[in-house]
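Notes to accompany the following structure.
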2 protein chains.
Amino acid sequence: MKSVTVYDIAKEANVSVATVSRVLNNTAPVKASTRERIQGLINKYQFQPNALARSLIKKETGMIGIILPDITNPFFPEVLAGLEQEARKQGYTFFLCDTGSSNLDIKEQYKRESQYLNILLEKQVDGIIMLGGRIDLHKCPKEMAKEVAEINKRVPLVFINGNLPGAKFHRVVIDEVAGGRMVTEHLIGLGHRDIAFIGGYPQMSNTVGRLEGFRAAMADAGLTVHEDWIDHGGFSVQRGKNMMGRLLDMEGDRPTAVVCANDLVGIGAIKAAVKAGLQVPRDISITGVDGVPLAASVIPELTTMSLRCLELGRSAAFVMHQLISKSADVNLLTTLTPELTIRESTAPPPSRK
Amino acid sequence: MKSVTVYDIAKEANVSVATVSRVLNNTAPVKASTRERIQGLINKYQFQPNALARSLIKKETGMIGIILPDITNPFFPEVLAGLEQEARKQGYTFFLCDTGSSNLDIKEQYKRESQYLNILLEKQVDGIIMLGGRIDLHKCPKEMAKEVAEINKRVPLVFINGNLPGAKFHRVVIDEVAGGRMVTEHLIGLGHRDIAFIGGYPQMSNTVGRLEGFRAAMADAGLTVHEDWIDHGGFSVQRGKNMMGRLLDMEGDRPTAVVCANDLVGIGAIKAAVKAGLQVPRDISITGVDGVPLAASVIPELTTMSLRCLELGRSAAFVMHQLISKSADVNLLTTLTPELTIRESTAPPPSRK
DNA sequence: GTGAAAGCGCTAACAG
DNA sequence: CTGTTAGCGCTTTCAC
């Protein structure tokens with residue numbers, strides 16, 4: 001099972017390893033006849049140069065590490081697809097590190113992030129892209145931020161939709177505030193005045209941003225926000241159901257529209273509403289945020305803010321490539337504007353008696 | 001930006017590199033005092049041993065390559081999560097190769113598979129796991145199968161839900177025929193006699209298997225299958241809509257139940273049915289296959305055959321680990337039985353006049 | 001316990 | 001055009 005090396009090829013071709021290396025990388029002219037002889041042997045033995053040895057000396061591996069919290073959340077595969085599309089052209093390959101947060105306590109998750117960060121460093125990846133986890137924290141503990149800052153000194157680092165205090169990082173982000181604002185304005189434009197906001201976590205910056213946009217839109221329209229109608233508690237369908245259920249169970253007036261922190265919560269909210277005997281959007285309008293394909297698959301199809309996942313991925317790959325190839329003036333911050341996608345889950349409020 | 005090496009540590013600690021290596025791997029006893037001195041320096045410089053150099057000599061990288069056709073299809077992240085869960089314990093990390101088939105012509109996809117296979121070999125991964133693509137073909141062209149057989153000689157290879165002619169491969173599969181049969185029997189048990197089957201591709205073995213199970217269940221119940229009601233054409237929500245639309249537009253009798261080749265098609269079918277003014281399951285029952293979380297998110301929730309994606313992933317990781325650690329008697333074939341998940345999209349047929 | 005030295009498989013000067 | 005040689009950073013005999 002001994003694998004063949006440049007030496008084996010060289011010997012059989014009666015040349016030196018240098019020449020073999022030359023045809024492999026065509027890094028210098030080689031006489032046509034010897035080149036063909038060597039190429040023939042390469043094919044004959046299906047010779048594959050050992051990338052480890054090559055990377056060891058060239059100090060580049062063509063590998064990009066990706067750290068994300070949960071591949072099972074459809075947002076991430078979507079971003080990943082964008083990353084792959086762009087990075088493949090440049091010849092990069094991906095190291096996928098899923099911290100598997102979905103069934104983990106939060107501290108364990110951050111520990112895994114640290115572990116993976118170190119593993120990626122040891123594997124000599126050319127760059128690391130982070131999504132979710134600690135970079136999503138509205139206020140990240142100093143120690144955890146510092147660790148990442150240290151790593152940023154050793155290898156190119158790009159954040160997608162996140163940030164960390166205490167240092168400057170390269171980031172590709174969607175404008176969360178604009179997203180929250182636009183979706184709320186859509187509802188207000190439809191005639192809604194009593195609007196709730198559910199989902200997410202108050203300690204996460206995406207939630208904070210979306211909520212801030214929501215408040216801004218309400219304020220601009222001269223509407224007051226019912227603090228009772230603001231609820232947090234997660235990003236899953238199940239959590240969406242729970243929060244919506246709670247909202248519907250409340251005494252007194254009901255909102256005529258609900259802004260959900262993401263699509264999964266939006267879907268859960270629709271389910272809870274339907275279960276409570278309401279019709280969406282006739283009785284209540286519901287919106288999501290993310291724009292994952294899933295949102296177009298439910299009935300009624302979810303009106304949402306597309307976070308343009310694919311482009312987010314592509315942009316990040318682009319920034320990473322610039323960083324790796326040491327281009328001058330790489331933008332520290334790339335901001336994308338989300339896109340309102342109006343579908344079937346929103347309509348004017350039921351007319352009041 | 002020069003990174004520190006064992007030599008730097010050794011010099012400053014006044015020991016040889018061998019000793020540093022010993023404390024790094026504790027591969028031999030080292031005097032407590034020198035060990036501490038060295039450990040101190042390691043911490044001080046945040047020294048990370050270069051995994052490339054290490055792998056070069058140890059001939060193992062702890063990396064497993066994964067080749068899959070489309071990370072955007074929720075089936076794959078689910079399997080991936082299972083893989084990760086199991087493989088993390090063993091200290092493996094993943095190389096993700098998405099051939100991005102969703103927006104590719106089919107030939108291009110196979111070419112990418114070949115490319116990735118080669119890249120993974122060069123990167124010296126300890127093993128390769130394949131999902132989808134050519135291993136899903138009912139009849140894979142000889143050349144394409146042979147290429148994979150060659151690779152199987154050089155590095156451990158595991159297929160998830162697939163196979164290739166001309167050689168023996170290690171495989172972890174779900175019993176597709178049983179799946180098709182069980183879901184059909186569920187419908188028959190409910191009283192359905194007029195059942196359609198839509199989705200998938202006739203050249204793919206999963207479709208062939210599911211359809212075979214469908215036919216077997218029908219035959220066992222003494223029911224005849226309407227060949228007109230068997231339609232193929234893909235695995236996406238959109239395709240499901242199209243196929244279901246076609247079915248509903250047909251002259252003559254209508255089926256009272258539809259077995260869909262996967263969950264996405266099932267969701268598309270529900271959408272088409274609802275759009276046509278039918279109620280699911282009152283007027284028509286619809287089932288899926290896959291058991292992705294999404295299937296539980298739609299309204300009505302989709303009755304489906306769970307392919308037990310997580311376990312599929314875990315089993316594959318387990319088999320791979322055995323292969324890598326050269327355990328004796330690794331099972332060539334691991335078969336899981338799918339699980340019927342009854343939800344809301346199936347009910348007895350409407351009573352006839 | 002510890003050090004010297006020989007590679008792992010490849011690339012990159014530097015000579016010819 | 002081509003060969004010689006010195007490493008990349010680490011592990012691992014084999015001595016001491």
Side-chain angles (χ1 to χ4, degrees), chain A residues 1-39 41-42 45-63 118-119 121-126 154-155, chain B residues 1-39 41-42 45-63 118-119 121-126 154-155:
Chain A
M1 195 62 169
K2 244 193 93 270
S3 53
V4 348
T5 73
V6 279
Y7 283 93
D8 303 321
I9 303 286
K11 199 195 296 179
E12 190 163 340
N14 272 312
V15 296
S16 75
V17 289
T19 306
V20 176
S21 174
R22 284 181 190 114
V23 346
L24 239 29
N25 306 285
N26 59 80
T27 173
V30 175
K31 207 209 300 181
S33 67
T34 60
R35 144 168 278 120
E36 274 165 32
R37 189 153 30 101
I38 293 173
Q39 192 60 54
L41 292 169
I42 290 177
Y45 291 113
Q46 307 237 54
F47 170 64
Q48 312 263 33
N50 184 323
L52 298 176
R54 172 181 289 170
S55 295
L56 186 55
I57 174 160
K58 298 196 59 162
K59 284 158 176 348
E60 62 178 50
T61 55
M63 310 190 301
N118 285 319
I119 290 176
L121 241 37
E122 292 184 358
K123 303 262 189 210
Q124 313 296 119
V125 294
D126 290 342
R154 296 156 155 250
V155 60
Chain B
M1 196 58 169
K2 241 190 97 280
S3 52
V4 346
T5 74
V6 279
Y7 282 94
D8 303 321
I9 304 284
K11 199 194 296 178
E12 192 163 339
N14 271 312
V15 294
S16 76
V17 288
T19 306
V20 176
S21 173
R22 286 184 188 111
V23 348
L24 238 29
N25 306 284
N26 57 79
T27 174
V30 174
K31 210 205 303 181
S33 67
T34 59
R35 145 167 276 120
E36 274 165 32
R37 188 151 34 99
I38 292 171
Q39 193 60 55
L41 292 169
I42 289 176
Y45 291 113
Q46 308 236 54
F47 170 63
Q48 313 262 34
N50 183 323
L52 297 177
R54 171 179 290 172
S55 296
L56 187 54
I57 176 161
K58 300 197 57 162
K59 283 159 181 343
E60 62 177 52
T61 56
M63 309 189 302
N118 285 318
I119 290 176
L121 240 38
E122 291 183 0
K123 304 262 190 210
Q124 313 295 120
V125 294
D126 290 342
R154 296 156 157 252
V155 60

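Chain identifiers are assigned alphabetically (A, B, ...) following the order of the sequence lines, protein sequences preceding nucleic acid strands; residue numbering begins at 1 within each chain.
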Which residues pass the side chain to side chain contact (heavy atoms under 4.5 Å, CB included) test with K11(A), not counting sequence neighbours?
none
Starting from C1' on dG3(C), measure out to CD1 on I9(B) and report it in whole angstrom.
18 Å
Would you kindly give the CG-to-P distance between N26(A) and dC1(D), to the nearest whole Å?
13 Å
Describe the nucleic acid contact of D8(B) in one word from base, sugar-phosphate, nothing, applying a heavy-atom distance below 4.0 Å.
nothing
Would you please name every residue forming a side-chain hydrogen bond (donor to acceptor under 3.5 Å, both in side chains) with S21(A), sequence neighbours left out?
N25(A)
Mind checking side-chain hydrogen bond (donor to acceptor under 3.5 Å, both in side chains) for R22(A) and listing every partner two or more places apart, or none if nothing turns up?
none
Taking side chain to side chain contact (heavy atoms under 4.5 Å, CB included) as the definition, give me every residue that meets it alongside Y7(B), ordered by chain and number, with sequence neighbours left out.
T5(B), V17(B)
Tell me what T34(B) touches on the nucleic acid: a base, only sugar-phosphate, or nothing, going by heavy atoms under 4.0 Å.
sugar-phosphate
Partner set under side chain to side chain contact (heavy atoms under 4.5 Å, CB included) for V15(A), not counting sequence neighbours
A10(A), A13(A), T19(A), V20(A), R37(A), I38(A)
Among all residues two or more places apart in sequence or in another chain, which pass the side-chain hydrogen bond (donor to acceptor under 3.5 Å, both in side chains) test with N50(A)?
none
Donor-acceptor check, side chain of K123(A) to backbone of T61(B), threshold 3.5 angstrom: yes or no?
yes
Residues two or more places apart in sequence or in another chain: which of them pass side chain to side chain contact (heavy atoms under 4.5 Å, CB included) with Q48(A)?
N118(B), L121(B), E122(B), R154(B)
Inter-axis angle, terminal five-pair segments of the helix from dG1(C)-dC16(D) to dG16(C)-dC1(D) [nearest 10°]:
40°
Starting at the 5' end of nucleotides 7-16 of chain D, put B wherever the base has a protein heavy atom under 4.0 Å, S where only the sugar-phosphate does, and a dash everywhere else.
BBBBBBB---
